[in-house]
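Note that the structure is predicted; figures quoted are calculated from it, not measured.
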Amino acid sequence: MAEAKWYVVHTYSGYENKVKANIEKTIENNKHLAEQILEVRVPLEDVVEIKNGAKRTVQKKMFPGYVLLNMEMNDDTWYVVRNTRGVTGFVGPGSKPVPLTEAEMKPLGIKAENVSVDFVEGDSIAVVAGVWKDTVGVVQKLDYSKQTATINVELFGRETPVEISFAEVRKL
């Protein structure tokens, strides 16, 4: 089994989120790909805009037209990503994708080292940041390669699994 590395995919401008969603949907439908394509990311940065004298912080894409993938490069993953609607190709000479180096990943906020957590499956945790802030849930699954915990939250009266980054949670 090859080691997963970060690769850059070129997309049509404005299609970054659609490409991310399409690749994630393909991974969801093909379970064997979930072990090979670990993460799809559209890097965002906070930018302060001043309009009509009012300051506000908005998120903008760091690299319009590009999507980052943490994956094992093989014929299957290359084919799936390359043939995703909106993808024009991998970044690299010719048709050979080149992985990002540690130095290139650092400014993007991508860390290679793993984070140790003080909770295990079955523990109750509170979400302290992000979309699900102030939500409490029980850990169903820990994914150390993606640095995420899957918790069940109550949504519209039903238990719904939600994937949360380790950085956004704390143990109760």
Verdict with reasoning, I151 to I125, per side-chain contact (heavy atoms from CB on, under 4.5 Å)
CA-CA 8 Å; I151 63 170; I125 59 172; 3.4 Å; yes
Considering only heavy atoms from C-beta outward, does the side chain of V9 approach that of R82 to under 4.5 Å?
no
With F63, which residues qualify under side chain to side chain contact (heavy atoms under 4.5 Å, CB included), at least two apart?
P43, Y66, L108
Do V91 and V98 come close enough that some side-chain heavy atom pair is under 4.5 Å?
no
What are the two closest non-hydrogen atoms of P97 and Y7, and how far apart are they?
CB-CD2, 3.9 Å
Can you check whether T26 reaches L33 side chain to side chain, under 4.5 Å on heavy atoms?
yes
Just how far is it from atom CG of L38 to atom NZ of K5, taken to the nearest 0.5 Å?
13.5 Å
Rounded to the nearest 0.5 Å, what's the gap from CD on E28 to CD1 on I23? Could you check?
13.5 Å
Under a 3.5 Å distance rule, please check whether E16 uses its side chain to pair with a backbone N or O of G14 as donor and acceptor.
yes
I need the I164 CD1 to T148 OG1 distance, nearest 0.5 Å.
9.0 Å
Tell me whether T150 contacts the main-chain N or O of P161 through its side chain, where contact means a donor paired with an acceptor under 3.5 Å.
no
How many angstroms lie between atom CD of E35 and atom CD1 of I37, to the nearest 0.5 angstrom?
12.0 Å
Mind checking the NZ-NZ spacing from K25 to K20? Nearest 0.5 Å is all I need.
14.5 Å
Can a donor-acceptor pair be found, under 3.5 Å and without considering hydrogens, that links the side chain of E104 to the backbone of T101?
yes
When every non-hydrogen atom of R85 is compared with those of V19, the smallest separation belongs to O-CG2, 3.6 Å
Between T88 (side chain only) and H10 (backbone N and O only), is there a donor and an acceptor less than 3.5 Å apart?
yes
All heavy atoms of I27 vs all of V40, minimum pair found to be CD1-CG2, 4.4 Å
Determine whether more than 12 heavy atoms belonging to other residues, nucleotides or ligands lie under 6.0 Å from atom NZ of K18.
no
First locate atom NZ of K96, then atom CH2 of W78, and finally report the distance between them rounded to the nearest 0.5 Å.
12.0 Å
Is any side-chain N of the basic residue among E121 and K141 closer than 4.0 Å to the acidic one's carboxylate O?
no
Compare all side-chain heavy atoms of R41 with those of W6 and state whether any distance is below 4.5 angstrom.
yes
List the steps and the verdict of side-chain contact (heavy atoms from CB on, under 4.5 Å) for F119 and F166.
CA-CA 10 Å; F119 50 85; F166 285 166; 4.3 Å; yes
Decide whether V120 and V127 are clustered together by the hydrophobic rule: side chain heavy atoms of Ile, Leu, Val, Met, Phe, Trp, Tyr closer than 4.5 Å, transitively.
no
Take a 6.0 Å sphere around CG of D46 and say whether it holds more than 12 heavy atoms from other residues, nucleotides or ligands.
yes
Flag yes if V169 and V131 sit in one hydrophobic cluster, no otherwise; membership is Ile, Leu, Val, Met, Phe, Trp, Tyr, and two members link when side-chain heavy atoms are under 4.5 Å apart.
yes
Do the charged groups of E154 and R158 touch, with an N to O distance under 4.0 Å?
no
Under a 3.5 Å distance rule, please check whether S124 uses its side chain to pair with a backbone N or O of V138 as donor and acceptor.
no
Under a 4.0 Å threshold between the charged nitrogen and the carboxylate oxygen, would K60 count as salt-bridged to E49?
yes
L100 and L68: CA distance, side-chain angles, deciding distance, side-chain contact (heavy atoms from CB on, under 4.5 Å) verdict:
CA-CA 9 Å; L100 291 174; L68 301 177; 4.1 Å; yes
Does D123 come within less than 4.0 Å of K171, counting only side-chain N to carboxylate O?
yes
Check whether any side-chain heavy atom of E45 lies under 4.5 Å from a side-chain heavy atom of Q59, and answer yes or no.
no
Begin with the C-alpha distance, continue with both residues' side-chain angles, and end with the deciding distance and a verdict on side-chain contact (heavy atoms from CB on, under 4.5 Å) for M73 and F90.
CA-CA 11 Å; M73 183 56 69; F90 281 92; 3.8 Å; yes
Determine whether Q36 and M71 make a side-chain contact, defined as any pair of heavy atoms from C-beta on separated by less than 4.5 Å.
no
Evaluate the criterion side-chain hydrogen bond (donor to acceptor under 3.5 Å, both in side chains) for residue pair N74 and T77; output intermediate values, then yes/no.
CA-CA 6 Å; N74 59 40; T77 57; 3.2 Å; yes
Quick one, N152 and T160 - any side-chain contact, counting heavy atoms below 4.5 Å?
no
